[in-house]
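Side-chain atoms are counted along with the backbone in the values below, which use heavy atoms only and exclude waters and symmetry mates.
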Amino acid sequence: MRLPLSFVLSLFLVVSVQAQWWEVQTSGLDTNLRGVSVSSLIDAKGVPSPVVWVSGSNGVVLRSVDKGETWTRLQLPGGDVLDFRGVVAFSEKTAYVMSSGEGEKSGIYKTTDGGQNWNLQYTDKRKEFFLDSIACLSETRCFALGDPIDGKFLLLNTDDGGHWRELPRDKMPAALPGEGAFAASNTCLLLSGEEIFFGTGGPAARVFRSLDSGRSWAVEETPITHGNTSSGIFSIARGNEKEVIVVGGDYQDPKRASAVAAYSLDEGHTWQLSEQQPGGYRSAVVCDDDAVCVAIGPSGEDVSLSKVTAAGWKTTDSLNLNAAAIPDFKHGWAVGPQGSIARFVDHATFHRRSREKHPAAPPATPPIAH
């Protein structure tokens, strides 16, 4: 859904912000960042170390191999006019990026040499073609979601990491008039084994789900606020066992804190609102392997640590952020407008204490190298 090289050092604006759970590392670049992905590399001592990729408007794709201390800007041919809403990375060398826009402005690109070269793997000249999210189960098996064409949502798939195809849509329920998906954080599409989920907005806030990799589909309504083109489900994540979580709201009313988070305990069949809502519209929700979940949005951030993961949310910060990736409770990054990149503060001790209490629940501005 539409939402209204040699090393030359370019310094970001110094930002000395220490939030409760998030620490801003950089800001000041002319881009609205909406994609973030964390992979890893093995350092000289044989220890895994995070590699962070981020992407956004004005053709910006950045990578850090030192936990965000420094960033390298990667160039895509003709990419300066593109809006890279999604990125999925597998190492310091291999990553996909997805651009969003009408027709050929939407595309899927891949690099296997750390961004020195990029291959445009898929695009489409149809005006209705608009990509919203990309997600992968492995380096070679990925899916991408697009807005409806001919009355049904578009789903692309690759099984070899190089060739993409449209999946059959004959068994997918029809989209409602004006219904779409939001390309706000690259998290409106969720893959979980053979299961595929995606959330929608507009006239309804619905969750489409397939248990067989897109061969057949069902759809359910959720109680998330909806009714206009700026409201609905913006993000979907997996919590404990059969729990599925959605967040959203109305991005034109970002401080409205009602009906912006809901959850299902039966893999998306039935839905209920979270008893304690986040502090406003949230564009992304991400969960680590222990089902500790974080919601991200322009008016702040929230964390959920209750016995039912998404039953209650506690607001932690007031940063303006769009998207996040948290592979574990020690590592995580979030991105936002004006090139903002924030690092998740290590709350491992807090996490352990929370689990003991609820046993059933889960600096200096870095340079950019061009």
Search all heavy atoms of Thr187 against all heavy atoms of Ser133 and return the closest pair with its distance. N-OG, 3.9 Å
Quick check on Gln338: does its CD atom have over 12 non-hydrogen neighbours (other residues, nucleotides or ligands) under 6.0 Å away? no
Any link between Val97 and Leu74 through a network of hydrophobic side chains (Ile, Leu, Val, Met, Phe, Trp, Tyr) touching at under 4.5 Å? yes
Backbone N/O of Asn58 and side chain of Asp30: donor-acceptor pair under 3.5 Å: no
Do Glu220 and Arg209 have side chains that get closer than 4.5 Å, going by heavy atoms? yes
Show, in sequence, the C-alpha distance, side-chain angles and deciding distance for Val244 and Val207, and conclude whether the side-chain contact (heavy atoms from CB on, under 4.5 Å) test is met. CA-CA 10 Å; Val244 184; Val207 170; 5.7 Å; no
Give a yes or no answer on whether the side chain of Ser235 reaches the backbone of Val247 with a donor-acceptor pair at less than 3.5 Å. no
Mind checking the OG-CD spacing from Ser318 to Glu301? Nearest 0.5 Å is all I need. 7.5 Å
Pair Leu33, Asn322 - check side-chain contact (heavy atoms from CB on, under 4.5 Å), show working. CA-CA 7 Å; Leu33 297 174; Asn322 294 323; 5.6 Å; no
Tell me every residue that passes salt bridge (Lys or Arg N to Asp or Glu O under 4.0 Å) with Asp302, counting only those two or more places apart in sequence or in another chain. Arg282
Are any non-hydrogen side-chain atoms of Val54 and Ile341 less than 4.5 angstrom apart? yes
Any side-chain heavy-atom pair of Lys67 and Ser49 under 4.5 Å: yes
Are Asp147 and Glu128 close enough that some pair of their side-chain heavy atoms sits under 4.5 Å apart? no
For Asp66, the side-chain hydrogen bond (donor to acceptor under 3.5 Å, both in side chains) test, sequence neighbours excluded, returns Ser64, Thr70
With sequence neighbours left out, which residue pairs that include part of residues 105-163 fulfil the disulfide (SG to SG under 2.5 Å) condition? Cys136-Cys142
Output for pair (Ile196 CD1, Ser213 OG), nearest 0.5 Å, gives 5.5 Å
Sub-3.5 Å donor-acceptor pair from the side chain of Arg85 to the main-chain atoms of Ser100, do we have one? no
Residue pairs passing the disulfide (SG to SG under 2.5 Å) test where at least one lies in residues 187-234, sequence neighbours excluded: none
Ring centers of Phe344, Trp333 separated by less than 6.0 Å: no
Rounded distance [0.5 Å steps], NE2 in His331 versus CZ in Arg343: 6.5 Å
Between Tyr263 and Ala311, the two heavy atoms sitting closest are CE2-CA, 3.8 Å
One pair to check against side-chain contact (heavy atoms from CB on, under 4.5 Å): Thr123 and Leu120. What are the steps and the verdict? CA-CA 8 Å; Thr123 189; Leu120 173 58; 4.2 Å; yes
For Asp266, does the CG atom have more than 12 heavy-atom neighbours from other residues, nucleotides or ligands under 6.0 Å away? yes
Would you sort out whether Gln75 and Asp80 count as a side-chain contact (heavy atoms from CB on, under 4.5 Å), showing the intermediate values? CA-CA 8 Å; Gln75 303 291 337; Asp80 290 349; 4.0 Å; yes
Those residues at least two apart in sequence (or on a different chain) that pass salt bridge (Lys or Arg N to Asp or Glu O under 4.0 Å) with Glu194 are Arg141
Salt bridge (Lys or Arg N to Asp or Glu O under 4.0 Å) partners of Arg256, counting only residues at least two apart: none
We want to know whether Asp83 and Ser57 form a side-chain donor-acceptor pair, criterion being a heavy-atom distance below 3.5 angstrom. no
Taking the side chain as every heavy atom from C-beta outward, state whether Ile245 and Cys293 have any pair of such atoms under 4.5 Å apart. yes
Asn186 side chain to Arg34 backbone, donor-acceptor under 3.5 Å: no
Short side-chain to backbone donor-acceptor contact, Ser106 and Leu131, under 3.5 Å: yes
Using a 4.5 Å cut-off on heavy atoms from C-beta on, say whether the side chain of Thr222 contacts that of Ile233. yes
Could you work out, with salt bridge (Lys or Arg N to Asp or Glu O under 4.0 Å) as the rule, every residue matching Glu92, not counting sequence neighbours? none
Which heavy atom in Ser230 sits nearest to a heavy atom in Asp250, and how many Å separate them? OG-OD1, 2.6 Å
Distance-only donor-acceptor pairs under 3.5 Å for side chains of residues 107-114, two or more places apart:
from	atom 1	to	atom 2	distance (Å)
Lys110	NZ	Tyr96	OH	3.3
Lys110	NZ	Gly161	O	3.0
Thr111	OG1	Asp113	N	3.3
Thr111	OG1	Asp113	OD1	2.9
Thr111	OG1	Gly115	N	2.9
Thr111	OG1	Asn117	O	2.8
Asp113	OD1	Gln116	N	3.1
Asp113	OD1	Asn117	N	3.0
Asp113	OD2	Asn117	N	3.4
Asp113	OD2	Asn117	ND2	2.7

Could you tell me which non-hydrogen atom of Gly268 sits nearest to which non-hydrogen atom of Ser264, and how far apart they are? N-OG, 2.8 Å
Has Asp160 got more than 12 heavy atoms of other residues, nucleotides or ligands less than 6.0 Å from its CG? yes
What one should report as the nearest heavy-atom pair of Ala284 and Ala323 is CB-CA, 4.0 Å
Keeping to residues at least two apart or across chains, list the ring-ring contact (aromatic ring centres under 6.0 Å, His included) pairs with something in residues 133-170. Phe153-Phe198, Phe153-Phe208
Taking the side chain from Ser231 and the backbone from Asn228, do they hold a donor-acceptor pair closer than 3.5 Å? yes
Got Thr200 and Leu176 here, is their nearest side-chain heavy-atom distance under 4.5 Å? no
Sub-3.5 Å donor-acceptor pair from the side chain of His226 to the main-chain atoms of Ile224, do we have one? yes
List the atom pairs, donor and acceptor, that lie under 3.5 Å between side-chain atoms in residues 165-174 and the rest of the protein, sequence neighbours left out.
from	atom 1	to	atom 2	distance (Å)
Glu166	OE2	Arg126	NH2	2.6
Arg169	NH1	Ile149	O	2.8
Arg169	NH1	Lys152	O	2.6

Between Asn240 and Glu243 (side chain of the first, backbone of the second, donor and acceptor by atom type, cut-off under 3.5 Å), is there such a pair? no
Give every residue pair that meets the disulfide (SG to SG under 2.5 Å) criterion with at least one member in residues 221-274, sequence neighbours excluded. none
Is it the case that over 12 heavy atoms from other parts of the model lie below 6.0 angstrom from the CD atom of Glu221? no
Quick one: pull up OG in Ser40 and CZ in Phe90 and give me the separation to the nearest 0.5 Å. 11.5 Å
Glu195 backbone acceptor or donor facing Ser192 side chain under 3.5 Å: no
Is the shortest heavy-atom distance from the side chain of Ser283 to the side chain of Tyr251 under 4.5 Å? no
Identify the two heavy atoms, one from Arg215 and one from Ser210, that lie closest to each other, and give their separation to 0.1 Å. N-OG, 3.9 Å
Any residue meeting side-chain hydrogen bond (donor to acceptor under 3.5 Å, both in side chains) with Ser216, in chain and number order, not counting sequence neighbours: Asp212
